[in-house]
Every structure is written in structure tokens, then in C-alpha cells.
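Note on naming: letters A, B, ... go to the chains in the order of the sequence lines (proteins, then strands), and numbering restarts at 1 for each one.
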Amino acid sequence: QPTSMNAFELISMSRALDLGNLFEE
Amino acid sequence: CFDSRRRQSPRSCQHADLARLAHESRFSVNEVEALYELFKKLSCSIIDDGLIHKEELRLALFQAPYGENLFLDRVFDLFDEKKNGVIEFEEFIHALSVFHPYAPIEEKIDFAFRLYDLRQTGFIEPEEVREMVAAILKESDMILSDELLTMIIDKTFADADSDKDGKISKEEWMAYALKHPTLLKNMTLPYLKDVTTAFPSFIFNTEVED
């Protein structure tokens, strides 16, 4: 439910903000 | 030895450089050298010049070299300390150090604040949050009505903007992030705790004893 989330929780879902992806082979 | 445009091998780097970077970060000398292997891989994926270009960061994060993304721009800008349009190894180490599990929470909160303070005014403003929410909706192919978007942003500011001046200061962001630790989950990369054993292929090239 997006309405129950705060805006920053939504924003933090961006793939660009998951730097763990840098370590993927 | 890290900021030249020549191709480099970690063996060409002086121990003093590795030691300096280790000193400036949360990493050991061996870990800095192991991260150089990762850096080399990223920095030669499109343009083989030993520097990470935005397209290369985009390729690593999205598996696609093209396409606009607001958050990618922000991450790139924060890594690119010298603001010269490329990420050098030294900058890579400095930024990744913030994501180390043992980095102080204040550093992580500060990095996230700078990430979200799009116009670098020292405050996170509602227009910036709206822009970022619109960007994540676009990225994830989600559609929300303007009304719903406004509700989410109003609710967020009601919670985070404690002095009710219509913008989130760094102090307010600090209190808000500590109250909502899930907002910081992306700010810690467990991989960095022991990068030399997490990526055994890197060990081959590490030769400096800590």
C-alpha cells in the first residue's frame, strides 16, 4: 500500500540507490 | 597513482597510496587493493580509461548503459568529489567507505541527506521530494494520482518537519532517519565487511600484507 509508506521509503526503492548491485557479477 | 588517465595495475600503485586510502577510509590496505579490482572492472566496462563514467555506473546498477535516472545522477554526483564528470579510484573508496557496516550512522545519514537535497540548499524541500517520488514511480512503472502523491508527501513532512517551516533541515533529517532506520538500509553494504573473502577472485591480485 503506497499510501501507508512515507515518501523516503518509496524513494529508497530505486535500483540506483542499491549499490550492492555494483558487486554483482 | 590513481588519478591518471593511464591504465593502471594495482601493482603499479605505491604502498603509500594504498596505505593512505586505507587510512582515509574504513578499509584495510588489502581491502583497498581488492576494491581496486572491482573498480578496474567497472571502469573498463565501456571506456577503458581507468575512470568510472556515468554510463559505466548506470550499466553496473541497471544493466543498461542508457536512460535518464535522477537517483543515478545524484549517486554519481556524490561519488564525483572533484565534479569533473568521472569517478576516480580515490573518490570510489571515499564514498564506499560511508557504506561500510562499521561507518558511523551519522556519516550514512549525512550522505543520504546530501543525496536527497537535490538543489543543495541545505534543506530537503517538498518539491524535491515530489520530484524524487515521481522519479521512483517512473522507474518502477507505478502510477499514483496527484492527490495520492500529495497525501504521501504531506504525511512525510508532517512526521519529519518537526519545526513546521515547510522543509527538512539536516537536524530534522537526522532525527527522522534515526526514527525510521529502514530508510538507511541502502546505506550499509554487508559485502564491504570483508571484501577480500567475499570476492575470492580479488585475492589473487592482493599482495600487500596488512
B/Leu72, part contacting chain A, at a heavy-atom distance under 4.5 Å:
both

Select all residues of residues 160-178 of chain B having any heavy atom within less than 4.5 Å of some heavy atom of chain A, and report them by number, or 'none'.
B/Ile168, B/Trp173, B/Tyr176

Region of B/Ile136 that comes under 4.5 Å of a non-hydrogen atom in chain A
side chain

Non-hydrogen contacts under 4.5 angstrom with chain A: give the residues of residues 98-123 of chain B involved, or none if there are none.
B/Phe99, B/Leu115, B/Tyr116

Part of B/Val129 lying under 4.5 Å from any heavy atom of chain A
both

Kindly say whether B/Phe71 contributes a backbone atom to a donor-acceptor pair with the side chain of A/Ser14 at under 3.5 angstrom?
no

Heavy-atom closest contact (A/Leu22 atom, B/Ala60 atom, distance)
CD2-CB, 3.8 Å

Can you list every side-chain hydrogen bond (donor to acceptor under 3.5 Å, both in side chains) pair that touches residues 56-67 of chain B, not counting sequence neighbours?
A/Arg15-B/Gln63

How far does CZ of A/Phe8 sit from CD1 of B/Ile152, to the nearest 0.5 angstrom?
12.5 Å

In Å and rounded to the nearest 0.5 Å, what is the CG to CG distance from B/Leu61 to A/Asp18?
8.0 Å

Does any non-hydrogen side-chain atom of A/Leu19 lie less than 4.5 Å from one of B/Phe79?
yes

Sort by residue number and list every member of residues 179-190 of chain B having a non-hydrogen atom under 4.5 Å from chain A.
B/His180, B/Thr182, B/Leu183, B/Lys185, B/Asn186, B/Leu189

Once rounded to the nearest 0.5 Å, what's the spacing between atom CG of A/Leu10 and atom CE of B/Met132?
11.5 Å

Is there a side-chain contact between A/Ile11 and B/Val133 in this structure, where contact means two heavy atoms from C-beta onward sitting under 4.5 Å apart?
yes

